[in-house]
Amino acid sequence: MKLLRVGPVGQERPVVMDAAGDLRDIGEPEIDGAFFASGGVARVRDALDGGRLPLFEGKGLRIGAPVARPGKVVCIGLNYRDHAAESGAQEPEEPVVFMKAPNTVVGPDDEVLVPRGSVKTDWEVELAVVIGKTARYLDSREAALDVIAGYAISNDVSEREFQLERGGQWDKGKSCETFNPLGPWLVTADEVGDPQNLAMRLWINGEPRQDGNTKNMIFEVAEVVRYLSQFMVLEAGDVVNTGTPAGVALGLPGQPYLRAGDVMELEIAGLGRQRQRVGQA
């Protein structure tokens, strides 16, 4: 099942895509933490299967992020062996954890802004995990997978100078305005199946830059969620970005960082496609 939110910024309506590709009004106020915590996914699936959801009358509308204002965005760094190598970093013995401001989350085709003073804005195609219920101190792979509501594409846009050369935490190179396009859909976990065999690609101005697969993660999705739950409470509606494969500007010859006017396109098998034009803050 594919859940999404359509409409202008701040006026998005939650809908579901049916088997024919048509949008259906789900009759819920939002797709957010309260939606997931109250069994919203099961309610929508039951109504969709029962033919009780009306067609959504709206063509050509903007697609927003499939989750409204996550409570937190937790990220895992250096989680692909080839990306760690291109970054000149050792493969981590435990997941590298950092946070990203929730207000970085924008729609999958919204403009991404190069921050003021930035010369090293970079791209990262990632598998995002959307948490469906409260998780604390999970003790198994099965328990971790059970708290996942679904998956989406995330572009973990990063400013490398802010992140790596200005001291302190990574967060300030990750939390700039518009730095987390998400969507177009949230695909429920049952439809995705195995999250460890999803092809992922990214292009800049039509040139292929990243070509990877989630099977090459150092720490798999279930382990990431289990691990995080030992250090923080994950809540319904939270988003976890699980890392990126090789091919980011940081690791390419000449380091071709983003400039206003560039176009990013990215996709993950079964999760749809994003396209962002780069602007200047």
Side-chain angles (χ1 to χ4, degrees), residues 1-6 12-18 23-49 53 63-76 99-100 102 105 107-108 126-138 140-154 156 180-198 200 214 217 220-229 232-243 268-272 274:
M1 192 168 66
K2 296 180 176 69
L3 296 167
L4 61 159
R5 299 165 64 248
V6 296
E12 295 92 346
R13 289 283 300 277
V15 296
V16 62
M17 183 179 293
D18 65 20
L23 299 184
R24 302 271 174 178
D25 193 327
I26 67 173
E28 297 275 350
E30 255 307 2
I31 299 174
D32 57 10
F35 169 83
F36 295 113
S38 65
V41 171
R43 284 197 305 275
V44 171
R45 180 180 288 113
D46 181 66
L48 181 64
D49 291 345
L53 299 182
I63 299 176
V67 180
R69 186 62 180 254
K72 54 184 174 287
V73 180
V74 189
C75 306
I76 305 300
M99 308 291 282
K100 196 161 191 167
V105 174
E126 304 204 7
L127 176 67
V129 174
V130 178
I131 302 299
K133 50 188 169 182
T134 301
R136 53 168 60 86
Y137 298 115
L138 301 174
S140 69
R141 179 179 187 276
E142 292 71 26
L145 291 175
D146 184 59
V147 304
I148 296 173
Y151 302 90
I153 305 172
S154 186
D156 178 22
N180 205 122
L182 187 69
W185 317 305
L186 182 154
V187 183
T188 51
D190 61 308
E191 183 170 326
V192 172
D194 182 9
Q196 301 306 152
N197 189 23
L198 301 175
M200 51 203 311
T214 57
M217 287 182 182
E220 294 187 349
V221 165
E223 173 57 16
V224 164
V225 173
R226 187 208 66 80
Y227 180 87
L228 290 174
S229 77
M232 65 186 77
V233 177
L234 298 174
E235 297 179 324
D238 287 349
V239 171
V240 179
N241 290 338
T242 57
I268 296 179
L271 302 185
Q274 298 185 354

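Side chains included, hydrogens not; waters and symmetry mates left out as well; all remaining heavy atoms used.
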Side-chain donor or acceptor of Q274 paired with backbone N/O of I153 under 3.5 Å: yes
NZ/NE/NH1/NH2 to OD/OE distance under 4.0 Å, K2 and E191: yes
Beyond-backbone contact of K100 with V105, side-chain heavy atoms, under 4.5 angstrom: no
Pairwise side-chain contact, V240 with I148, heavy-atom cut-off 4.5 Å (strictly under): no
Heavy-atom pair with the smallest gap, counting every atom of A128 and N241: CB-OD1, 3.7 Å
Chi angles and distances behind the side chain to side chain contact (heavy atoms under 4.5 Å, CB included) call for L3, F35: CA-CA 12 Å; L3 296 167; F35 169 83; 4.0 Å; yes
Polar side-chain atom of E126 near backbone of S154 as donor-acceptor pair, under 3.5 Å: no
Nearest-0.5 Å distance that lies between atom CG in L48 and atom CE in M1: 7.0 Å
Greater than 12 external heavy atoms within 6.0 Å of R226's CZ: yes
Reported CG-to-CZ distance for the pair D46 and R43, which is rounded to 0.5 angstrom: 10.5 Å
Candidate list I131, I31, D238, test side chain to side chain contact (heavy atoms under 4.5 Å, CB included), partner F36, passing option: I31
Any donor-acceptor N/O pair, Q196 side chain to V221 backbone, under 3.5 Å: yes
Minimum-distance pair of heavy atoms, taken over all atoms of E28 and V44: CG-CG2, 4.4 Å
Residues, nucleotides or ligands: over 12 heavy atoms within 6.0 Å of R141 CZ: no
Derivation of the side chain to side chain contact (heavy atoms under 4.5 Å, CB included) call for V16 and L53: CA-CA 9 Å; V16 62; L53 299 182; 3.7 Å; yes
Exercise: identify the closest heavy-atom pair between P66 and P184: CB-O, 4.3 Å
Any donor-acceptor N/O pair, R5 side chain to E12 backbone, under 3.5 Å: no
Distance (rounded to the nearest 0.5 Å) between L271 CG and L186 CG: 9.0 Å
Non-hydrogen atoms of I63 and P108 that approach each other most closely: O-CD, 3.3 Å
Value rounded to 0.5 Å, distance of CG in L23 from CZ in R13: 11.5 Å
Distance, nearest 0.5 Å, that separates CG of L145 from CD of E223: 11.0 Å
Those residues that, when tested against D190, pass salt bridge (Lys or Arg N to Asp or Glu O under 4.0 Å) (two or more places apart): R45
M99/V74 under side chain to side chain contact (heavy atoms under 4.5 Å, CB included): CA gap, chis, key distance, verdict: CA-CA 5 Å; M99 308 291 282; V74 189; 3.9 Å; yes
Closest non-hydrogen atom pair between V15 and I26, with its separation: C-CG2, 3.6 Å
P102 to P70 - nearest heavy-atom pair and separation: CB-O, 3.2 Å
Check: T242 side chain, L127 main-chain N or O, donor-acceptor pair, under 3.5 Å: yes
Worked check of side chain to side chain contact (heavy atoms under 4.5 Å, CB included) between T214 and Y151: CA-CA 12 Å; T214 57; Y151 302 90; over 6 Å; no
